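Both counts, for ligands and for their atoms, begin at 1 and track the order of listing. A quick note: this is a predicted structure, and the numbers were derived from the prediction, not measured.
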Amino acid sequence: MNEQIQPATLRVFIALAPPDDAKEELARELRPAYEAYPRMRWNRIEDWHITLAFLGELPVTTVPLLRGPLADLAAGRPPLHLSLRGGGHFDERVLWSGIDGDVEGLHLLADEVRAVVQECGVAYAHRPLRPHLTLARSRRNDPSSAVEAAAGLSAFTGSPWPAARLHLVGSNFSRGPGPIRYRDIEAWDFAGGARPAG
Ligand code: ATP
Ligand code: MG
């Protein structure tokens, strides 16, 4: 097969990512859970993110349409002050860390991002935002790990950080055992929000 052939579609979402020190704080908190629940499929720390809008499979030719408007949105707004706090689960299977701080601002940002996407003529998943950072998924025959691990996170209070960059992310570049799940297609700093890459 010719490896030069590019895929015709990309699975895309728009997200924020905590800085490394905020992620490391949570990773330290999770160490006992990594040991206690080895059967869960843990996301890599490099892949941790907070989804604002999920666009799903897009023709690769659509992606450039999003660039200018998302760049303008980022350039026109200040950083958001957030922290990671506590934990929970979706459907007893998906383990996540909660988001604290300017959660109202996070909802407004997601609304703005979704409006921009819509103005570009691109569809997105109209699910209401439930701000979270997914940590792990349990396997089908493992009903208790996500629930227990979520309870174990209830006292966690992470340090505040500025969410200062908007990420347009390509998902599932490598399915199966490959190490790379997500990759920034592009990322834009918020106004006054420049910080070292990471
Ligand atoms: P996989 O689906 O391959 O197990 P994943 O769920 O991590 O992996 P994606 O499905 O590409 O990867 O999702 C990327 C991000 O978008 C994740 O944070 C996911 O929770 C979120 N997401 C996926 N589908 C939706 C949806 N329909 N509505 C809102 N967010 C979604
Ligand atoms: Mg998914």
Would you list the atom pairs, donor with acceptor, under 3.5 Å between side chains in residues 79-87 and any protein atom, with sequence neighbours excluded?
residue: R85; atom: NH1; partner: D100; partner atom: OD2; Å: 3.0

Which donor-acceptor pairs under 3.5 Å do the side chains of residues 108-117 make with protein atoms, sequence neighbours left out?
residue: R114; atom: NE; partner: L52; partner atom: O; Å: 2.9
residue: R114; atom: NH1; partner: R127; partner atom: O; Å: 2.7
residue: R114; atom: NH2; partner: L52; partner atom: O; Å: 3.1
residue: R114; atom: NH2; partner: R127; partner atom: O; Å: 3.3

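Below 4.0 Å from some heavy atom of S171 lie the following atoms of ligand 1, by number and element: 9 (P), 11 (O), 12 (O). If you number the atoms of ligand 1 from 1 as listed, the ones under 4.0 Å from a heavy atom of A125 come out as 26 (C), 27 (N), 28 (N). Against a heavy-atom cut-off of under 4.0 Å, H49 is close to the following atoms of ligand 1: 15 (C), 17 (C), 18 (O).
Looking at T134 next to ligand 1, no N or O pair under 3.5 Å apart turns up.
You'll find the ring centres of Y182 and F13 inside the 6.0 Å limit.
More than 12 heavy atoms of other residues, nucleotides or ligands shown are found within 6.0 angstrom of CZ on R41. Crowding of R130 atom CZ: a count of heavy atoms from other residues, nucleotides or ligands under 6.0 Å not exceeding 12.
Here atom 14 (C) of ligand 1 lies nearest to F13 when heavy atoms of W96, F13, Y124 are compared.
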